[in-house]
Amino acid sequence: MPPGWLLFVYHLIKHIKEGEVNTAFSAVIMLMISFPDITFEAGKYVDDLVSFLADNLEALFDFIFFVTSRSISGLTDFLMIIPWWLFIIIIFLLGWYFKSFFSGILYGIFIFLIGTFGLWEEMMITISIILTAVIICLIIGIPLGVAMAFNKWVSMILRPILDAMQTMPSFVYLIPAIFFFGLGNVSAIFATLIYSLPPVIRLTDLAIRGVDKEVVESAHSFGSSRWQTLTKVQLPQALPTIMAGVNQTTMMALAMVVIASMVGASGLGEQVLVSINRIDIALGFEAGISIVFLAIIIDRITNGIAEKVQRRGGNQ
């Protein structure tokens with residue numbers, strides 16, 4: 001059966017030939033007012049694509065699931081081995097070195113308070129998920145950002161994809177995550193990757209492009225290869241901006257903690273979800289403020305790292 005718009009055109013011509021101009025005019029008015037009977041099932045094609053990938057790349061997804069789950073569990077076990085007092089001292093030292101002595105004390109108090117809420121293990125799981133997601137983001141994102149800076153075709157292809165990744169609602173990422181990896185922390189990592197990957201790619205691209213062209217030309221004039229120019233000139237010069245991308249990626253990964261709990265991710269986000277289901281204000285406040293404490297600590301420390309890198313670059 002022909003599409004609705006073909007039937008409309010057919011009947012319109014028929015009415016005009018038969019002298020029924022008023023009927024034809026009315027049909028045109030109705031077409032202008034009402035949306036035409038045209039359907040494009042884009043979702044069906046996406047569903048077919050996802051099903052095709054799941055059927056033909058099952059071994060790859062099983063491998064990704066195995067590596068990611070082992071990484072999260074191994075990192076969580078390592079963090080849990082660290083005595084609580086030693087972990088607080090480490091946070092204090094990081095805060096002192098990258099920010100100030102007062103900041104180190106404040107961050108240590110934040111971590112201690114999370115422990116007093118009875119959420120120490122959940123905090124470690126959350127940190128493990130964030131670290132795993134950020135490490136994978138950096139492994140994928142920095143090379144892609146460099147490729148975008150050097151190749152305009154790669155940039156033209158990736159830009160609309162990154163736009164879609166940043167503007168699409170976060171909950172949509174959970175659907176393919178569940179389909180490929182089921183419920184659990186691996187699905188949370190997958191959804192977090194899609195949400196938090198664009199900043200490090202974009203800022204790496206921006207950082208490489210922002211390196212002074214005269215510096216690059218000087219490196220070439222001294223006989224440096226393209227690889228040597230990238231590793232010894234462009235990346236060191238671009239490092240402060242890249243670190244800003246790392247900071248943004250880390251914060252966006254932390255922002256996915258609660259949303260990722262909807263696909264079975266453990267940690268502080270799961271406690272927030274439980275508090276919503278139970279309407280437990282006390283648990284919701286404690287888990288929520290714990291996420292805020294982590295966000296403050298991670299943001300300030302990563303910013304401190306970026307500032308130190310920038311100062312060292314300026315001194316050189």
>> Are Phe92 and Phe101, when compared by the centres of their aromatic rings, separated by less than 6.0 Å?
In response: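 Aromatic pair counts; centres sit under 6.0 Å.
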
> Are Phe87 and Trp120 near enough that their ring centres are under 6.0 Å apart?
Replying inline: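 Between Trp120 and Phe87, which both carry aromatic rings, the centre distance is below 6.0 Å.
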
When rounded to the nearest 0.5 angstrom, what is the spacing between [atom1] in [X] and [atom2] in [Y]?
X	Y	atom1	atom2	answer
Thr76	Ile129	OG1	CD1	7.0 Å
Thr241	Arg209	OG1	CZ	13.5 Å
Ile194	Cys137	CD1	SG	10.0 Å
Gln271	Leu273	CD	CG	9.5 Å
Asn303	Met243	CG	CE	9.0 Å
Ile111	Trp84	CD1	CH2	12.5 Å

>> Strictly below 4.0 Å, N to O, side chains only: are Arg159 and Asp163 in salt-bridge contact?
In response: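 Salt bridge between Arg159 and Asp163, a charged N being under 4.0 Å from a carboxylate O: no.
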
>> Can you confirm whether more than 12 heavy atoms, excluding those of Phe112, are under 6.0 Å from its CZ atom?
In response: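 No.
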
>> Can you tell me if Leu86 has over 12 outside heavy atoms packed within less than 6.0 Å of its CG?
In response: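 Enclosed: over 12 neighbouring heavy atoms sit under 6.0 Å from CG of Leu86.
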
>> What verdict does the side chain to side chain contact (heavy atoms under 4.5 Å, CB included) test give for Ile91 and Phe110, after you've listed the backbone C-alpha separation in whole Å, the side-chain angles of each residue and the deciding distance to 0.1 Å?
In response: CA-CA 10 Å; Ile91 296 298; Phe110 285 166; over 6 Å; no

For [Y], is there any backbone N or O sitting under 3.5 Å from a side-chain donor or acceptor partner on [X]?
X	Y	value
Thr249	Gly245	yes
Ser290	Glu286	yes
Asn56	Phe52	yes
Thr126	Leu268	yes
Thr116	Leu113	yes

> Mind checking whether Leu79 and Ser128 have side chains closer than 4.5 Å, heavy atoms only?
Replying inline: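 Yes, their side chains come closer than 4.5 Å.
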
>> Pair Met123, Leu294 - check side chain to side chain contact (heavy atoms under 4.5 Å, CB included), show working.
In response: CA-CA 9 Å; Met123 176 184 67; Leu294 279 184; 4.1 Å; yes

> Would you say the side chains of Asn247 and Thr302 form a donor-acceptor pair under 3.5 Å?
Replying inline: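 Present: a donor and an acceptor within the cut-off.
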
Are [X] and [Y] in one and the same hydrophobic cluster, where Ile, Leu, Val, Met, Phe, Trp and Tyr link if side-chain heavy atoms are under 4.5 Å apart?
X	Y	result
Leu197	Leu203	no
Trp85	Trp96	yes
Ile142	Ile140	yes
Leu206	Phe150	no
Ile135	Leu75	no

>> What verdict does the side chain to side chain contact (heavy atoms under 4.5 Å, CB included) test give for Met148 and Leu162, after you've listed the backbone C-alpha separation in whole Å, the side-chain angles of each residue and the deciding distance to 0.1 Å?
In response: CA-CA 12 Å; Met148 285 181 66; Leu162 295 176; 4.0 Å; yes

> Should the ring pair Phe293 and Phe117 be called parallel, tilted or perpendicular, given that the plane angle runs from 0 to 90° and is split at 30 and 60?
Replying inline: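 Phe293 vs Phe117 ring planes: parallel.
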
> How far apart are the C-alpha atoms of Val274 and Asp280, what are their side-chain angles, what is the distance that settles it, and do they pass the side chain to side chain contact (heavy atoms under 4.5 Å, CB included) test?
Replying inline: CA-CA 8 Å; Val274 169; Asp280 189 337; over 6 Å; no

> By side-chain contact (heavy atoms from CB on, under 4.5 Å), which residues pair with Ile157, not counting sequence neighbours?
Replying inline: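 Testing Ile157 for side-chain contact (heavy atoms from CB on, under 4.5 Å), a comparison that skips the adjacent residues, returns Ile161.
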
